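Everything numeric in this text was worked out from a predicted model, so none of it was measured.
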Amino acid sequence: MAEYLIKNGFVFDPVLGIRGDKADIAIKDGKIVETTAVKSPKVIDAAGKTVMAGGVDIHAHVAGPKVNVGRNFRPEDKLFGYKPKSGIERMQGGFSVPTTIRTGYNYARMGYTTVMEAAMPPLYARHTHEEMRDTPILDQGAYPVFGNNWFVLEYLKNHEIENTAAYIAWLLRATKGYAVKVVNPGGTEAWGWGLNCENVHDPVPYFDITPAQIIKGLIEANEYLGLPHSMHMHANNLGNPGNYTTTLDSFRLSEGIKPNSKFGRDQVMHHTHVQFHSYGGDSWANVDSRAKEIMDYVNSHDNITIDMGQVTLDETTTMTADGPFEHHLTELNHLKWANVDVELETGSGVVPYVYSPGIKVCAIQWCIGLELALLAKDPMRIFMTTDHPNAGPFIRYPRIMKWLMSQDARNQQFDAFKHKDKVIEATNLAGIDRELGLYEIAQMTRAGPAKSLGLAHMYGGLAPGLEADVAVFDFNPNEPYAPDDIEKAFSSAEHLFKTGVQVIVDHEIASNGNKRTLWVNAKVNENPQVMRDVKEKFLRYYTVTLNNYEVAGHHYVPNPYVIEVDATQ
């Protein structure tokens with residue numbers, strides 16, 4: 001494998017504590033190494049340019065059945081955006097739900113090298129892995145959903161944490177999954193009865209359990225196993241006025257629980273797309289921002305990480321395992337709606353949506369996401385996401401950087417809102433003059449999410465020994481620049497290395513890389529009860545047998561990277 005030396009770039013790396021100093025980065029055998037370790041490297045002149053580690057996206061919906069439903073029932077999303085095969089690049093299409101090929105290339109163009117699929121229905125894990133297999137360049141993993149799973153509900157009803165942990169370990173192994181995902185705990189199961197769980201104490205029909213018991217039980221089971229990532233949660237009552245109290249109630253369920261993981265994370269709960277969970281008021285007429293109340297809690301509790309779910313003011317395709325929410329959304333906008341029940345495990349819905357600058361609520365949502373990031377005291381614990389594609393397509397990350405780094409850019413957007421004065425009155429953003437720097441952006445997009453995922457030993461930094469995932473951007477932070485220069489530069493990396501392979505050269509895709517699938521193999525003591533329960537429920541309820549359930553073999557996971565966890569002691 002070739003050796004490289006990236007010379008004289010302005011380096012931003014929270015792992016090494018480098019804040020834009022000129023430094024050289026050396027690459028050998030797929031790893032970052034000391035500069036003295038390379039003998040005859042190919043030299044990349046990075047003078048006057050910005051150098052960062054490859055980006056890490058902790059939460060996006062980029063592969064799996066609901067993503068494919070979005071592609072199938074929205075042909076208009078791909079009507080004008082096809083790009084034919086050219087050189088090494090394969091044919092690409094789609095905007096808010098791009099093809100797998102475009103997904104890989106577009107993330108790489110932004111300097112991202114690792115992306116996690118945030119909700120994998122276990123029954124459809126094989127399909128999810130097939131799509132990830134076809135996504136070029138990126139290392140990826142997928143989170144199986146547990147918050148409405150019949151096994152979990154029954155074990156936690158009786159507070160059987162050890163059995164819950166054994167089932168989680170079995171399911172991670174069967175699906176080649178990475179982490180415990182929870183979506184609207186109990187609410188999606190209630191949706192099967194035409195109901196929902198709108199707060200943490202609403203009963204789940206039939207199971208005699210509440211969302212609070214599910215959340216706390218899954219945190220305890222996660223820490224029992226010592227998994228790399230914490231429990232990854234989308235709480236109840238998403239997207240409704242006044243829901244910030246439900247969010248705070250959910251946060252409080254993590255209190256008193258300490259992380260038990262050898263992978264370096266500090267949190268026991270990662271709460272995702274918090275913008276959708278930070279609303280005050282009691283109707284859409286008086287909805288307002290409660291980002292300050294949310295961040296007051298996050299800033300004072302170090303066992304929680306969050307991500308933004310930033311609205312980008314685009315047309316997009318919403319999709320979530322929160323089936324009740326999608327039904328609510330289609331009743332609001334009267335656009336087409338798809339809904340799926342996944343047997344004993346979960347469900348989902350898909351609805352198109354337009355975040356218009358002319359609609360007051362959309363503008364308030366835009367403000368809230370930015371407020372969350374700008375009110376954060378520790379950028380290592382809040383991460384840049386759009387909950388792709390729910391609040392907007394991931395290709396807008398450079399635009400979000402512009403808004404975070406420039407008050408002028410935010411003011412320009414305020415001036416474009418139809419209801420500017422009402423939006424300012426309902427939010428805090430106009431009174432915030434903070435402008436983030438590239439070091440803080442690197443914390444939010446690289447070092448922070450890598451640490452939260454328990455992957456700081458591989459990604460997120462430029463220290464010797466880490467994976468050689470390195471991005472070079474044509475951006476000189478020491479020269480005057482306009483806000484739009486930020487978006488332009490970080491939309492098109494000049495050079496990108498993935499595990500030592502140069503996949504972008506002079507802004508052009510040069511290689512499809514050698515992507516890997518990350519999954520967690522958690523070893524537990526033999527548990528005959530759980531295995532009897534699995535066999536019994538498959539025979540009685542599932543439409544497939546166990547033999548047709550497990551993700552196995554080279555076809556689904558051709559290049560695995562297995563993270564071993566031993567919970568037998």
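For Asp378, the salt bridge (charged side-chain N to carboxylate O under 4.0 Å, His left out) test picks out Arg381, with sequence neighbours left out. Residues that satisfy the salt bridge (charged side-chain N to carboxylate O under 4.0 Å, His left out) test with Arg90, not counting sequence neighbours, are absent from this structure. For His457, the side chain to side chain contact (heavy atoms under 4.5 Å, CB included) test picks out Phe263, Leu455, with sequence neighbours left out.
Each salt bridge (Lys or Arg N to Asp or Glu O under 4.0 Å) pair with one or both residues in residues 550-569, not counting sequence neighbours, appears once here: Lys176-Glu550. Sorted by first and then second residue, the pairs that involve residues 115-136 and meet salt bridge (Lys or Arg N to Asp or Glu O under 4.0 Å), not counting sequence neighbours, are Lys66-Glu117, Arg71-Glu131. Applying the side chain to side chain donor-acceptor pair (under 3.5 Å) rule to pairs touching residues 9-22 yields nothing, sequence neighbours excluded.
Interatomic distance, His388 NE2 to Asn106 CG, rounded to the nearest 0.5 Å: 9.5 Å.
Taking a 6.0 Å sphere around CD of Glu435, one finds it holds more than 12 heavy atoms contributed by other residues, nucleotides or ligands. Within 6.0 Å of the NZ atom in Lys488, the count of heavy atoms belonging to other residues, nucleotides or ligands does not exceed 12.
Residues His271 and Phe251 bring their aromatic ring centres within 6.0 Å.
With a 6.0 Å cutoff to the six-membered ring centre and a 45° limit on the axis angle, Arg399 does not count as a cation-pi contact of Phe490.
Salt bridge status for Glu494 with Lys49: present, with a side-chain N to carboxylate O gap under 4.0 Å.
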